[in-house]
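Okay, structure first, notes after.
Naming: A, B, ... by sequence-line order, numbering from 1 per chain.
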Amino acid sequence: MLQDMKRYLEVVANIMQENKDTLIEMDQIVGDGDLGLTMSDGFRAAYLAVKDTDEQDLGKLVYAGGKAMASAVPSTMGTLMASGLMQAGKDLRNQNELTNENWVQFFDSFEAGVINRGKANVGEKTFIDGIDPAVQVLKENIELPLAQLASKASKAARQGYEQTATMIAKHGRAATRGEASRDLLDPGAYVAVLLFEAFEISVKG
Amino acid sequence: MLQDMKRYLEVVANIMQENKDTLIEMDQIVGDGDLGLTMSDGFRAAYLAVKDTDEQDLGKLVYAGGKAMASAVPSTMGTLMASGLMQAGKDLRNQNELTNENWVQFFDSFEAGVINRGKANVGEKTFIDGIDPAVQVLKENIELPLAQLASKASKAARQGYEQTATMIAKHGRAATRGEASRDLLDPGAYVAVLLFEAFEISVKG
Amino acid sequence: MKKIINNPENYLKEMLEGIYIAHQDQVTCVNDDLQCYVTKNKTPGKVGISTGGGSGHLPLFLGYVGDGMLDGCAVGDVFQSPSAEQMFEITKDIDQGAGVLYIYGNYNGDIFNFDMATEMADFEENIQVTTVLGADDVASAGPSAPGEKSTRRGVAGIFFVYKCAGAAAAKMYDLETVTRIAQKAADNVRTMGVALSACVVPRVGKAGFSIEENEMEIGMGIHGETGIRRGQLESADQITEEMMQQILADLPYVEGDEVAVLVNGLGATPLDEQYIVTRKIDAILKEKGIKAYRYYVGEYATALEMSGVSISLLKVDEELKPLIDYPVNTPFFKQM
Amino acid sequence: MKKIINNPENYLKEMLEGIYIAHQDQVTCVNDDLQCYVTKNKTPGKVGISTGGGSGHLPLFLGYVGDGMLDGCAVGDVFQSPSAEQMFEITKDIDQGAGVLYIYGNYNGDIFNFDMATEMADFEENIQVTTVLGADDVASAGPSAPGEKSTRRGVAGIFFVYKCAGAAAAKMYDLETVTRIAQKAADNVRTMGVALSACVVPRVGKAGFSIEENEMEIGMGIHGETGIRRGQLESADQITEEMMQQILADLPYVEGDEVAVLVNGLGATPLDEQYIVTRKIDAILKEKGIKAYRYYVGEYATALEMSGVSISLLKVDEELKPLIDYPVNTPFFKQM
Ligand SMILES: Nc1ncnc2c1ncn2[C@@H]1O[C@H](COP(=O)(O)OP(=O)(O)O)[C@@H](O)[C@H]1O
Ligand SMILES: Nc1ncnc2c1ncn2[C@@H]1O[C@H](COP(=O)(O)OP(=O)(O)O)[C@@H](O)[C@H]1O
Ligand SMILES: [Mg+2]
Ligand SMILES: [Mg+2]
Ligand SMILES: [Mg+2]
Ligand SMILES: [Mg+2]
């Protein structure tokens, strides 16, 4: 049911809205403080672009959400998240159900899209360090009931996020802090945590 | 003795220096707060210009002090005080003693110089309201011993100054406040008070 | 006091040294007195125009010395008049044989000193000098009765007086005509400002007044003089509406008029906000049927690091329009 | 937050409307999208130059669109990149048949979007696009190893890249040459700044950081990014000395070099202080035997109402000098 993807994007939009101030504060420590605004506006735009569509192709639906997000919030994370959605959309072309396989594909492609645009590797204190462990867990546990799968992935994302407090930033504004960036948690990785918390909530029913 | 005029200008310079902050604060209420700086710098410049001169003409000596003040502090009150000194200098040309008559002439001409440049009348809440009553007292009591004369004039200047709290400002920045200026004491009139306090001190010996 | 300065006593001297270094191709000083600022470009037979006033308002006043505008500027210490002797030295330097016009703001200190300088120029050098005062601040006093001297302060609107007079002089009009045109511009310009924060005179070291975080003062002068209303900070549109109402009613500017508009930042207010104000001005003018002939937006007359803006309207006619359009090239202001 | 604005959500739209109103003779937008800002003046066969970036830095970036400089600018929201689609729309509009050069600051968001736009221009329209990044902030990172991408932020020094590339395009050089010259300017410019106070993004409503009353931060970025040293506020001469030391050592600039100098105010710092800094720069250059070819002083790249200044040096040679001297006429910057 494509309804599930719409519902997921709605929960994401809401959770970003709820965490707006947290993201602003986290980003103010390392960057310019815009992350709360871009994530809540951007995922809201993605959701609004698909909310009322009759589109039956899962891929096209997700791609449309990504394009809307790209235009709405062309910031670093905005463009990266848009690139993630657009890549997922391309790879889910011609699908019209949300099987476990397609959910795993969604997050796997999302990560690939972000890496393609941003060229960051695991361990460089970015969003990738939040999403990558979760995607591994999804792939390894694809046979589990969806709610369990989501909750396992969500835990992995949070652990990945917590690991960022041991890394040196190599990308974006935080990178200019060098060694001084080490003790800080990465706000982009926290966005990955929120994406999987939303996944957990949306599949719980 | 021209020494007496040098001494007077020295006491004036010192008293303006001591009252610098008071004048700044008073002027900040009605104007721009520069009065403390201009009066202490200006009368200092006047004193320094005459301090070591061999000039024996009282008028030329006072005039030189006025010109120095005009160049040093060309603010409203700076230029007015300079105009006062310069007029006094013109009118004391060829004198070389400080008799009671010459002291009275000094302050009378000083007032005339200020009025000529600034065109203010008595009762318009300016320096004139401080100096004018004192000059009247000087003229009426010219036969008194100098110390007594100075102390009487000083009291009159202070009374005149206190009267400014009942007047509406017609000149300068304070004038733009209209009726709202009424309850305030005029800082320029306070400068007149200081000029006569300095007179009292300097003739006391 | 949060300033990038050295000893406050050297503020003026060091600032002027910086200016002469950066713009040595265009300006110089008279008799090694840094405060006597003049253009290097003289034109025999041209009316000389001089201004003067306290520092702390850059690009006012000296910034308008250059081709198509002024010939000299006597530079005072922060918020203080320059001296009569300095004005006189400049007058001698810039007299190009056709007399000199003084254009400056309506402040006691400046008047007293320019009056002294006029006497000196007459007596000592026989140079003909005329005077036009900038007295455009609608907030500072009511309009003066006919024949009476204005008690209004001069603020940013003096830019338009310089602009028109400067172009008239560049076109080689005579002293009488240049003076008449300057007076016409002065008579047809009105300004109103709003301040959001105070400024600090370097030698004083602390602000002479304060404005609360949620407050503004409509009509505050560029030295922090009291305005007409202190109140809660309002929206850009509301503030603009209030200022425009007062300006438009004063001349008054009426339907069918054409105006040149100056939106001026007081120092700390970003250009962004000045353009938000511009947008609203344009809407108000359209509504009233007044045509905006040209917009100038930016910092033209500041008050150190004060935040706020002012709006000036100059009513233009067929005589003033080509003067407004005339090119200018000074180190601080250029028009092509 | 003390700003003259309306609803913060409308900040960008209203600011841009004000700009288009005031400068309608020179600039317009593409497809009714206010954020796609282009010059009205096209020259067939000329290389098109586009820039883009977040707002909050006026006159950067859009202020350099006009004769002798840039052809277009994609305008992002405050401190945010514009979108790839907007860049692409501008690219199509300003391509005058000789290809398009993108010059913008070294920020992730901008890079990601300009990269997307480059792909679109290639695939969809077959327009040849080249890119030169401004990465002049010495304080933001060490120099990059040969062949490695710079991790330095782009700040005010990009003005010189625009200036040289803009003049080269106006002289009708081809895309390869204009790109080479832009890269040469980018390679030869270094900047360092100091901040004395914070700034507030309108939609955020409070400062993202604070600087104590007696403090300064050397090397702070124009979005408030951490600099290299926070410390007690020092004198103008000391601050200038420290910044110049770091700049001069970096390229390095050596005896016999000629440099163009940009002294830039960050928004709230009066011009007076910028000239006090200029004076000290000149003394240091003289001492080192480096010749100041030309000074630019004023607000060229701001950070909303931040107070502070930056210094940029461009090493010039016989190829760059006439490009620096080339006239410019944009609504925000003019050179004669
Ligand atoms: N190349 C990259 N790949 C993946 N994530 C990145 C990359 N660069 C930055 N990020 C993420 O982006 C976050 C900051 O996003 P955002 O606030 O939009 O950037 P900025 O405002 O600094 O342009 C960082 O916390 C980091 O997780
Ligand atoms: N025309 C005038 N004649 C005499 N005194 C005047 C006149 N105008 C102003 N003053 C005096 O000058 C004082 C202010 O002097 P000052 O601070 O130098 O002026 P400002 O800074 O406003 O130019 C007033 O308090 C008033 O007493
Ligand atoms: Mg950010
Ligand atoms: Mg005063
Ligand atoms: Mg400024
Ligand atoms: Mg500014």
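Atoms CG and CD, from Asn329(C) and Gln335(D) in turn, are 10.0 Å apart once rounded to the nearest 0.5 Å. With values rounded to the nearest 0.5 angstrom, Asn10(C) atom CG is found 9.0 Å from Ile276(D) atom CD1. The line from CG of Asn6(D) to CD1 of Ile239(C) is 8.5 Å long, rounded to the nearest 0.5 Å. The CD atom of Glu273(C) sits 8.0 Å away from the CG atom of Leu304(D) when rounded to the nearest 0.5 Å. The distance from the OG atom of Ser307(C) to the CD1 atom of Ile4(D) is 7.0 Å, given to the nearest 0.5 Å.
Ranked by heavy-atom pairs under 4.5 Å with chain C, the first of Val309(D), Thr278(D), Asp237(D) is Asp237(D).
Lys2(C) contributes no side-chain N or O that, together with a main-chain N or O of Met216(D), makes up a donor-acceptor pair within less than 3.5 Å. Under the 3.5 Å distance criterion, the side-chain polar atoms of Glu17(C) are left unmatched by any main-chain donor or acceptor of Arg279(D).
Neither the backbone nor the side chain of Gln24(C) comes within contact range of chain D; no heavy atoms are under 4.5 Å apart. Both the backbone and the side chain of Ile19(C) have a heavy atom closer than 4.5 Å to some heavy atom of chain D. Val78(C) does not touch chain D: none of its heavy atoms, backbone or side chain, sits under 4.5 Å away. Heavy atoms of Phe332(C) lying under 4.5 Å from chain D belong exclusively to its side chain. For Ile211(C), the parts sitting under 4.5 Å from any heavy atom of chain D are the backbone and the side chain alike.
Between Glu305(D) and Thr269(C), the closest side-chain pair of non-hydrogen atoms is not below 4.5 Å.
Looking at every heavy atom in both residues, His23(C) comes nearest to Tyr275(D) through NE2-OH, 2.6 Å. Closest heavy-atom contact between Met336(C) and Val328(D): CE-O, 3.2 Å. Closest approach of Met15(D) to Asp272(C), counting heavy atoms only: SD-OD2, 3.4 Å. Of all the heavy atoms in Leu271(D) and Pro59(C), the pair that sits closest is CD1-N, 4.4 Å. The minimum heavy-atom distance between Lys3(C) and Leu233(D), with the atom names listed, is O-CD2, 3.9 Å.
Counted within 6.0 Å of NZ on Lys40(C), heavy atoms from surrounding residues, nucleotides or ligands total more than 12; the atom is thus considered enclosed. The number of heavy atoms from other shown groups lying within 6.0 Å of CG (Asp32(C)) does not exceed 12. Around NZ of Lys288(D), the count of heavy atoms belonging to other residues, nucleotides or ligands within 6.0 Å does not exceed 12.
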